Asker: 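Could you have a look at this structure, given as structure tokens, before my questions?
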Amino acid sequence: MSDIVLSKGIRSNLMQLQNTAANVALTQGRLATGKKVNSALDNPANFFTSSSLSSRASDLSNLLDGLSNGIKVLEAADNGLKAITKTVESLQSTVRQARQDKSNKTESYTLDTATIGTATAKNISFSGGAVGSTAVNIALNTTSSAAVANSIAGSAAYTAPTAAVQSTVAGSAAYQAPTAGSAATSGGVTASGTFASFSLGASDSLEFNVTVDGSAQALTFTQAEVITALGGGGGTIATVDELATVINSKLTGATASNSSGDLALTSSSTGTSSNVSVTSVGINDGSSTTATNSTGFDGTAGQTGTAGAAAVAAVDRVISITDGTNTANITLTSANAGDAATAASYINSQLTSAGITGTATNSSGTLSLAGAANGSNSLTVGGAGASAVFGASATTTAGSAAVDRVISISDGTNTANITLTSANAGDAATAATYITSQLTSAGITGTVSNSSGTLTLTGASNGSNTLTVSGAGSASVFGASPTTTAATAAVTGATKTVDEIADAINANSTLSGKVKASNDNGKLRIENLSTADLTVGGVSSTGSVTGAGSASNTIGPNDIRKNLVTQFNDLRNQLDKLSDDASFNGINLLKGDKLKLNFNENSTSTLEIQAKDTAGNVREITNSKLGIDGATNAEFEDDAQLDDRLNSLKESLDTIRSQSSSFGSNLSIVQNRQDFTKNMINTLQTGSDNLVLADANEEAANLLSLQTRQQLSQTALSLANQADQGVLRLF
């Protein structure tokens, strides 16, 4: 509050002047900054929207630096690829030049046939150059030689054939014939005497004392027992049969019977030593303890019987004879083999029945057995009776067939099939004679000789045939590993011509592609296909081919191809250096480095650039990865290897061009993105400016108007002040 009181006119003019001054200040501020919105107070919506757009434009502007660097990295890689491409093309040119070059060094030599001669073998040799340190010899002549007969010298002593051995079983003791058996007999006694009927009184008893097999039996029969035994009859024994019946009722171990009116006692067992004897027979009337022989049966008491005999079994001879396939099981009895002669006949019949070839013979009671005469079987004798028939220690000889030696000898046209037997080849000397005769019969020129039991086969003396021996018996005749000498005909030596020597050199696989020979108007022309010196042996200092081992001559290398090898390797070394130097800001795409570029402020849109093969594997653009190996002299000496090198370089060049195309595509993408980003920044910045920038023309017009209004307000204020001063004039 002011204590100064202003008039209404002055106050009104003052307020207008203040408003005008404020508007002038605002307009001057807009003109000074160029913006109509300088803070959030001016226009919050436009201020913050403009700030957001400006911030994004600033972020994108920062990305442009990365894109620019990325473009330069790609340009550096492209520069490297272009230089490498030119280098590979230069390598191709070098290889093509070598491939087309034929400036090989040559020398022509005179053939000294007189010095070469035919007495000894002479050679021309090649070493050094592409041949290597080991010399390769080419014959200059053939030497004379005598004929050599083909021979097969035995490696072991002759093994003669063997005759057949007949199988035999020679008896060692006299033949023991079988025995017949006998039936068993019973022991007993016949008590002879006159029998008279008798009766036992009530107090009488019949006493019968008998011994059976040493055991005494005292048999006492009362009247009642007699009646019981007889089934009635009042105790009267009327016949011998009745007496036997009564005795049997108590007798054990023997049997009483009637034997033509005599009483016979027979042992119950047979085949043992049982004996029956009668001690006493009498009737006791009860009046005394001694029985009296009042039976009317005289001569019974005290008779001793005969001992029984056991049955005797027959003794047979059971044997078996086998030949390994068939078996004859033979039982010799007293009936069919009572003596040795009969036994031999019976055994032979049984062998025939069993299908066995063999014969049993008798010699003074001793039997022997023989198998097949040709030794085709071996007979063996077994069975419990074998020792009784042939003796306990019969001698057995195994049969064996005759062993022959079957061989074949051939000269390629005729064949002699020879069977050596014990009869025609019993020893080495006989065998040699027989084989030679068989060769003659077959029309084969050859002889067999014997040296201390070892045979040697020799063909025609002029070496015109070659003999071969085969057959199962060849190892027995000549040994398992005989020494064979090849047949050679006599050779008349000759000196080779220039054409023959040249053809031999060119046909040698070791010299192929390394040395070339030709006929140079009668001289031997040698061409060194190598990039190193070639040493030609057997050539004199005057250039004559003599075959002398100490003489030699040198043919120089192909210097052009040799220099091209050095040139190729120098260019190759530059390739890796170009690859190493194709970097920008520390990134080298040709060495497999990865370049990552961000295309927006959020890093959600990116591009990764790296050298890769078709399989997606990281690939450096270097000699090793492109398959460009260092060149060697040996490679540049071989046209085929140079052709392979050209094909390999073509593949390497295709790889480089493919990678260059890939980097070019990546560069196009980055450049397009760079232009897009620049346009986006311009769009965002323009949009931001539209929201906050002031119109200079409008603001200038406003300022001029405000200044006019300010002057008018000051004039009005002055007029109002003058009105107030009019009052002072009243005083």
Side-chain angles (χ1 to χ4, degrees), residues 160-187 267 269-275 306-404 421-423 426-427:
T162 57
V165 176
Q166 186 179 26
S167 170
T168 60
V169 179
S172 62
Y175 170 70
Q176 299 177 22
T179 59
S182 62
T185 60
S186 300
S267 171
S269 61
T270 59
T272 67
S273 59
S274 299
N275 191 10
T306 59
V312 177
V315 177
D316 298 334
R317 309 302 182 194
V318 179
I319 63 173
S320 64
I321 301 175
T322 180
D323 61 4
T325 302
N326 303 311
T327 300
N329 296 309
I330 305 172
T331 301
L332 302 175
T333 67
S334 60
N336 60 27
D339 53 45
T342 306
S345 297
Y346 184 73
I347 291 172
N348 289 334
S349 67
Q350 296 301 299
L351 292 176
T352 301
S353 298
I356 297 174
T357 302
T359 304
T361 58
N362 168 39
S363 176
S364 302
T366 299
L367 298 184
S368 294
L369 177 65
N374 62 1
S376 60
N377 66 357
S378 290
L379 303 184
T380 56
V381 178
S387 60
V389 176
F390 294 100
S393 302
T395 302
T396 300
T397 301
S400 60
V403 178
D404 298 334
T421 67
S422 59
D427 53 45

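It should be emphasised that the depicted structure is a prediction, and the values quoted were computed from it without experimental measurement. We count residues from 1, following the sequence as given.
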Asker: Taking side chain to side chain donor-acceptor pair (under 3.5 Å) as the cut-off, I'd like each qualifying pair that reaches into residues 324-344, sequence neighbours left out, listed once.
Answerer: Thr322-Thr327, Thr333-Asn336, Asp339-Thr342
Asker: Provide the closest heavy-atom pair for Leu379 versus Gly371 in the form atom of the first, atom of the second, distance.
Answerer: CD1-CA, 3.6 Å
Asker: Please tabulate, for side-chain N and O atoms in residues 384-399, each donor-acceptor pair with protein atoms closer than 3.5 Å (sequence neighbours left out).
Answerer:
| from | atom 1 | to | atom 2 | distance (Å) |
| --- | --- | --- | --- | --- |
| Thr397 | OG1 | Thr168 | OG1 | 3.3 |

Asker: Enumerate the side chain to side chain donor-acceptor pair (under 3.5 Å) contacts for residues 362-377, please, sequence neighbours excluded, ordered by first and then second residue.
Answerer: Asn374-Ser376
Asker: Indicate the atoms forming the closest heavy-atom contact of Val403 with Pro161, along with that distance.
Answerer: O-CB, 2.9 Å
Asker: Which pair of heavy atoms, one from Ala370 and one from Gln166, lies closest together, and at what distance?
Answerer: CB-NE2, 3.7 Å
Asker: Can you find a heavy atom in the side chain of Thr357 that is under 4.5 Å from one in the side chain of Asp323?
Answerer: no
Asker: Which atom pair, heavy atoms only, marks the closest approach of Leu369 to Ala360?
Answerer: CD1-N, 4.1 Å
Asker: Show every donor-acceptor pair shorter than 3.5 Å between a side-chain atom in residues 312-321 and any protein atom, with sequence neighbours excluded, or say none if there are none.
Answerer:
| from | atom 1 | to | atom 2 | distance (Å) |
| --- | --- | --- | --- | --- |
| Arg317 | NE | Gln176 | O | 3.0 |
| Arg317 | NH2 | Ala177 | O | 3.2 |

